[in-house]
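Note that these values count all heavy atoms, side chains included, but never hydrogens, waters or copies made by symmetry. Small disclaimer: the values here were computed from a predicted structure and weren't measured.
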Amino acid sequence: MRSSQLKQTGILFIGQLLIKISGFIKQLLLAFFLGISADVDLISIVQIIPTIIAGMIAGGAGEILVTQRSKDDYHNSVFTTYFISIVVGLTIAIGTVYALCLPFAADLFHIPTQKMALFQGMSLLIIASKVPSAFVSGLQHLLYAKGKYNFFVLSTLLAEIAGIITIVLLVDSQGILAFAYGMMITPTVNALLFVYAHQLKFGVLFLKKEWLSVKTEIFEIFRKIFSLSLQTLITHLSTFWERTLSLRYLPEGFLSALNYSKSVTELPRMAVLSSVLTTTYIEQTHQKAESEDAFKSYSNKMEMFLSEVAFMFQMGSILFGPLLIILIFKRGAFHSGDVIDTFELFQYLSIGFVPGLMMSFLSRTMYIEGLYKQLFNVTFIKFLLEVGIMTIGISYSMYAIPLALVVSKFFGSITLFSILELKKPGIFNRVAFVRLYAVLLILSIGISFLNHYFIHTIVNKTIFELFLIYVPIALCFFGISLFLLNKRYGSEWRKLLSKKRKSKA
């Protein structure tokens with residue numbers, strides 16, 4: 001990792017951690033005021049179809065836009081303006097069609113008559129929120145490419161705070177609707193700041209000459225985006241099926257507990273994904289342009305680094321899972337039984353942390369290699385695997401859903417790794433990959449088995465008693481982790497620091 005990338009990653013990691021914590025506060029507010037309830041289940045259902053629509057249009061748009069940039073700043077500005085305008089226009093058009101079809105969606109999800117007005121009100125707010133979200137998705141990675149990491153962090157943090165304030169001000173009078181308003185305010189503030197940062201000139205939309213100058217590139221980039229739309233659709237269809245099964249066949253509140261547990265497992269993954277993986281993707285693109293050997297060497301190092309650091313994150317998440325869930329959720333409307341239900345789901349999902357993170361890294365590497373068809377095929381098979389396990393297993397266990405999600409992540413990451421390794425022999429270390437996954441599974445399942453019984457013992461203990469139990473465990477864990485990371489990467493860190501000192505001198 002270059003010193004410049006290290007600096008950018010550090011800024012983005014700290015910033016993203018603050019941003020994700022700000023977003024997570026919304027989940028905490030939801031848990032505090034409404035706990036595990038039918039209304040919380042409902043807001044999860046309301047979001048799924050608008051999210052599918054937005055994901056298909058703008059999901060991978062920003063990452064593909066970065067690969068399309070030229071060296072001419074004016075051309076880039078004109079091209080970006082047309083690009084983002086089309087993305088937003090498509091989002092508005094399809095979102096409007098869905099808004100007109102809300103009665104059919106209510107029938108699809110078996111929404112009770114007494115919840116119909118609430119379902120429609122929240123749906124309209126969530127649909128409206130996808131318009132500014134399209135601006136954010138399309139322009140975010142372009143900020144990274146321009147090196148505007150500080151601006152991204154500050155503007156997104158401001159947007160998250162605006163959403164939190166909205167929820168706090170409205171929750172007493174509006175109830176669950178306050179959270180839908182918060183979901184609309186956050187991307188709206190973000191979009192306005194992103195448009196300002198890029199200084200987009202929307203006047204060019206009315207100039208035929210400018211349109212003709214970028215027409216070919218526009219068609220090319222949307223061809224790539226639409227080739228990924230089916231992949232995005234399939235990914236979201238899994239979530240759609242998961243939530244539909246939960247609502248129809250599992251006890252009221254299960255979906256709430258599942259989403260709370262997901263939010264905790266996603267917090268570290270999204271912080272890493274939005275920092276290290278983002279700067280890595282940008283650097284991989286640069287290395288690919290320089291030479292194939294440089295690209296292979298860099299990708300090899302980053303794959304090992306990401307998998308090993310993610311391994312530490314996963315072990316920590318599972319080991320300290322009981323403490324985390326109790327400290328985060330046990331207050332307000334969230335009772336001891338809710339804590340145990342959420343924790344059991346959290347444990348299952350945590351086992352898929354490393355393969356989930358690696359799937360993101362490997363998928364982006366597939367983008368760079370232009371392996372869109374192969375990526376789609378893997379995504380489709382992964383979807384069939386998830387749906388199959390959920391559908392067959394739901395009759396036997398409520399844990400069929402998290403089990404399906406974990407199994408599919410292992411399948412997806414192993415398959416993408418194999419495809420890239422076959423295409424470019426030596427790009428990754430196969431033996432190290434297999435060894436890490438084997439150790440990961442053994443330790444994760446072993447610790448989870450012990451935690452299953454341990455959570456019932458500690459769920460009602462005081463915070464002081466919890467800290468007495470976990471402080472010795474934490475000291476041992478962090479001591480071992482620092483020793484292993486220093487042994488593996490200590491020399492590289494020291495080289496970077498020495499180079500930095502010499503450059504200052």
S.K.: Restricting to non-hydrogen atoms, name the atom on A404 and the atom on M390 that form the minimum distance, rounded to 0.1 Å.
M.R.: CB-CG, 3.7 Å

S.K.: If you draw a 6.0 Å radius around CG in L169, do more than 12 non-hydrogen atoms from other residues or ligands fall strictly inside?
M.R.: yes

S.K.: Roughly how far apart are L375 CG and F380 CZ, rounded to 0.5 Å?
M.R.: 14.0 Å

S.K.: Does a side-chain heavy-atom distance below 4.5 Å link M358 with K409?
M.R.: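 No - every pair of side-chain heavy atoms lies 4.5 Å or more apart.
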
S.K.: List the steps and the verdict of side-chain contact (heavy atoms from CB on, under 4.5 Å) for V309 and F313.
M.R.: CA-CA 6 Å; V309 172; F313 267 100; 3.8 Å; yes

S.K.: Let me confirm one number: the CD1-CD1 distance from I419 to I414, rounded to the nearest 0.5 Å.
M.R.: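 Between atom CD1 of I419 and atom CD1 of I414 there are 12.5 Å.
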
S.K.: I need the I389 CD1 to I401 CD1 distance, nearest 0.5 Å.
M.R.: 12.0 Å

S.K.: Under 4.5 Å between any side-chain heavy atoms of L118 and D39, yes or no?
M.R.: yes

S.K.: If you take all heavy atoms of A180 and L125, which pair is closest and at what distance?
M.R.: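 Distance-wise, the nearest heavy atoms are CB-CD1, 3.7 Å.
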
S.K.: Roughly how far apart are L345 CG and N259 CG, rounded to 0.5 Å?
M.R.: 10.0 Å

S.K.: With distance as the sole test, does Q347 use its side chain to make a donor-acceptor pair with the main-chain N or O of F343 at under 3.5 Å?
M.R.: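 Not confirmed, Q347 side chain does not pair with F343 backbone.
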
S.K.: Show, in sequence, the C-alpha distance, side-chain angles and deciding distance for S263 and F24, and conclude whether the side-chain contact (heavy atoms from CB on, under 4.5 Å) test is met.
M.R.: CA-CA 7 Å; S263 65; F24 186 62; 3.4 Å; yes

S.K.: Output yes when a side-chain donor or acceptor of S408 lies under 3.5 Å from a complementary backbone atom of L405, and no otherwise.
M.R.: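 Yes; at least one donor-acceptor contact below 3.5 Å.
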
S.K.: For L108 versus R248, what's the shortest heavy-atom pair and its separation?
M.R.: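 In this case the closest contact between L108 and R248 is O-NH2, 2.8 Å.
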
S.K.: Got a donor-acceptor contact below 3.5 angstrom from the S37 side chain to the L34 backbone?
M.R.: yes

S.K.: Indicate yes or no: at least one non-hydrogen side-chain atom of H198 is less than 4.5 angstrom from one of T81.
M.R.: no

S.K.: Step by step, would you call F83 with V87 a side-chain contact (heavy atoms from CB on, under 4.5 Å)?
M.R.: CA-CA 6 Å; F83 167 78; V87 167; 4.0 Å; yes

S.K.: Do any N or O atoms from the side chain of S137 and from the backbone of A134 form a donor-acceptor pair under 3.5 angstrom?
M.R.: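 Checking the backbone N and O of A134 against the side chain of S137, no donor-acceptor pair under 3.5 Å is found.
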
S.K.: From F179 CZ over to L177 CG, what is the distance, rounded to the nearest 0.5 angstrom?
M.R.: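 With rounding to 0.5 Å, CZ (F179) is 11.0 Å from CG (L177).
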
S.K.: Would you say the side-chain atoms of K26 and T186 include a donor-acceptor pair closer than 3.5 Å?
M.R.: yes

S.K.: Quick check against the 3.5 Å criterion: does D41 have a side-chain atom that pairs as donor or acceptor with the backbone of G253?
M.R.: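 Yes, the answer is positive, given that a donor and an acceptor are paired below the 3.5 Å cut-off.
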
S.K.: Decide whether Q284 and T365 meet the rule of one side-chain donor and one side-chain acceptor closer than 3.5 Å.
M.R.: yes

S.K.: Hey, does the side chain of T415 reach the backbone of G412 with a donor-acceptor pair shorter than 3.5 angstrom?
M.R.: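 Looks like no, no N/O pair under 3.5 Å.
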
S.K.: Could you walk me through whether Q47 and R243 pass side-chain contact (heavy atoms from CB on, under 4.5 Å), step by step?
M.R.: CA-CA 10 Å; Q47 292 179 66; R243 294 185 182 182; 4.3 Å; yes

S.K.: Do E242 and V387 have side-chain heavy atoms sitting under 4.5 Å apart?
M.R.: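 SC-SC contact between E242 and V387 ruled out.
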
S.K.: For I185 and G163, which heavy atoms make the closest approach, and how far apart are they?
M.R.: CG2-N, 4.2 Å

S.K.: Kindly compute the distance separating CZ (F119) from CG (L102), expressed to the nearest 0.5 Å.
M.R.: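 F119 atom CZ to L102 atom CG measures 5.5 Å (nearest 0.5 Å).
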
S.K.: Kindly indicate whether the side chain of L255, heavy atoms from C-beta on, has any atom under 4.5 Å from the side chain of L250.
M.R.: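 No, side chains not in contact.
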
S.K.: Does I53 reach the side chain of V97, with side-chain heavy atoms less than 4.5 Å apart?
M.R.: no

S.K.: Please confirm whether the ring centroid of Y260 lies under 6.0 Å from the ring centroid of F334.
M.R.: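 Ring-ring flag for Y260/F334: true, centres closer than 6.0 Å.
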
S.K.: What pair of heavy atoms forms the shortest contact from G321 to F346, and how long is it?
M.R.: CA-CE2, 3.5 Å

S.K.: Tell me every residue that passes ring pair (Phe, Tyr, Trp, His ring centres under 6.0 Å) with F240, counting only those two or more places apart in sequence or in another chain.
M.R.: F109

S.K.: Between S413 and L362, what is the shortest heavy-atom contact and its length?
M.R.: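 Looks like O-CD1, 3.3 Å.
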
S.K.: Does anything in residues 323-339 pair up under side chain to side chain donor-acceptor pair (under 3.5 Å), and if so which pairs, sequence neighbours excluded?
M.R.: K330-N460, S336-N460

S.K.: Between K288 and E283, does the salt bridge (Lys or Arg N to Asp or Glu O under 4.0 Å) criterion hold? Intermediate values first, please.
M.R.: CA-CA 9 Å; K288 178 77 173 177; E283 186 65 22; over 6 Å; no

S.K.: Less than 4.5 Å apart, any side-chain heavy atom of L30 and any of I176?
M.R.: yes

S.K.: Taking I351's backbone N and O only, do any of them form a donor-acceptor pair with Q314's side chain (distance below 3.5 Å, no angle check)?
M.R.: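 The answer is yes, because a donor-acceptor pair under 3.5 Å joins these two groups.
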
S.K.: Can you check whether L28 reaches F329 side chain to side chain, under 4.5 Å on heavy atoms?
M.R.: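 Yes, side chains in contact.
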
S.K.: Using ring centroids (six-membered ring only for Trp), state whether F194 and F135 fall under 6.0 Å.
M.R.: no

